[in-house]
Amino acid sequence: QVQLVESGGGLVQAGGSLRLSCVASGRTLSTYAMGWFRQAPGKEREFVAAISTSGRSTYYANSVKGRFTISRDDAKNTVYLQMNSLKPEDTAVYSCAAGVIATTQASTYNYWGQGTQVTVSS
């Protein structure tokens with residue numbers, strides 16, 4: 001079992017930046033691929049970014065490519081999502097997830113955090 005807790009969300013103006021953190025406990029994060037997903041009100045959950053177990057491979061949704069960066073610090077059992085040039089359409093609850101392999105599919109992840117709210121004002 002692994003428990004995931006996100007932090008770093010908040011209210012920011014369009015064009016601003018936020019860095020989300022996802023801290024794992026219960027098991028070492030280094031054995032998991034990690035993903036970030038988001039869900040806006042009235043919309044389905046969507047893939048944002050993923051990083052492989054080694055950290056050498058990263059994947060991004062087209063909507064965030066070039067603006068968001070996923071990274072991991074296994075010594076701190078933490079995964080980050082650096083979000084730059086934020087847009088109002090990035091407003092959502094962002095959740096991190098742990099799984100065996102880095103994919104864009106939420107169903108392949110075994111463990112989920114509760115999420116952190118990101119609100120981008122125009």
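What you see below is based on every heavy atom in this structure, not just the backbone, and it leaves out hydrogens, waters and symmetry mates.
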Look at the side-chain heavy atoms of Ile, Leu, Val, Met, Phe, Trp and Tyr, link any pair under 4.5 Å apart, and say whether Ile51 and Val5 land in one connected group.
->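 Cluster IDs for Ile51 and Val5 differ.
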
Sequence neighbours left out, what passes ring pair (Phe, Tyr, Trp, His ring centres under 6.0 Å) with Tyr80? Give chain and number order.
->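 Checked Tyr80 against ring pair (Phe, Tyr, Trp, His ring centres under 6.0 Å); zero matches.
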
Just verifying a value: how many Å separate [X] [atom1] and [Y] [atom2], rounded to the nearest 0.5 Å?
X: Arg72; Y: Thr58; atom1: CZ; atom2: OG1; result: 12.0 Å
X: Met34; Y: Ser71; atom1: CE; atom2: OG; result: 11.5 Å
X: Gln39; Y: Glu46; atom1: CD; atom2: CD; result: 9.5 Å
X: Glu6; Y: Trp36; atom1: CD; atom2: CH2; result: 5.5 Å
X: Ser30; Y: Asn77; atom1: OG; atom2: CG; result: 7.5 Å
X: Ser54; Y: Asp74; atom1: OG; atom2: CG; result: 9.5 Å

Pairwise side-chain contact, Leu81 with Arg38, heavy-atom cut-off 4.5 Å (strictly under) |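 Counting from C-beta outward, Leu81 and Arg38 never come under 4.5 Å.
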
Is Cys96 close to Leu4 at the side-chain level, that is, under 4.5 Å between some pair of heavy atoms?
->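 Sidechains of Cys96 and Leu4: in contact.
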
Do you know which two heavy atoms are closest between [X] and [Y], and how far apart they sit?
X: Pro88; Y: Ser122; result: CG-CB, 3.8 Å
X: Gly26; Y: Gln3; result: CA-OE1, 3.7 Å
X: Leu29; Y: Thr78; result: CD2-N, 3.5 Å
X: Thr116; Y: Gly8; result: OG1-N, 4.3 Å

Tell me, please, which residues at least two apart from [X] pass side chain to side chain donor-acceptor pair (under 3.5 Å).
X: Lys43; answer: none
X: Ser121; answer: none
X: Thr119; answer: Gln117
X: Arg67; answer: Asp90

For residues 97-112, pull every pair meeting side-chain hydrogen bond (donor to acceptor under 3.5 Å, both in side chains), keeping only residues two or more places apart or in separate chains.
->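 Passing the test, one end in residues 97-112: Thr103-Thr108.
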
According to disulfide bond (SG atoms under 2.5 Å apart), does anything in [range] pair up with another residue at least two apart or in another chain? List the pairs.
range: residues 30-66; result: none
range: residues 32-93; result: none
range: residues 53-85; result: none
range: residues 52-88; result: none

Which pairs, with at least one residue in residues 47-67 and sequence neighbours excluded, count as a ring pair (Phe, Tyr, Trp, His ring centres under 6.0 Å)?
->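 Sorted result for residues 47-67: Phe37-Phe47.
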
Taking Ser52 for its side chain and Ala33 for its backbone only, find out whether a donor-acceptor pair lies under 3.5 Å.
->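 Checked: no pair found.
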
Listing, residues 9-22 side-chain donor-acceptor contacts under 3.5 Å, not counting sequence neighbours, or none:
residue, atom, partner, partner atom, Å
Ser17, OG, Asn84, OD1, 2.9

Got more than 12 heavy atoms from elsewhere within 6.0 Å of CD, Glu89?
->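 Yes.
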
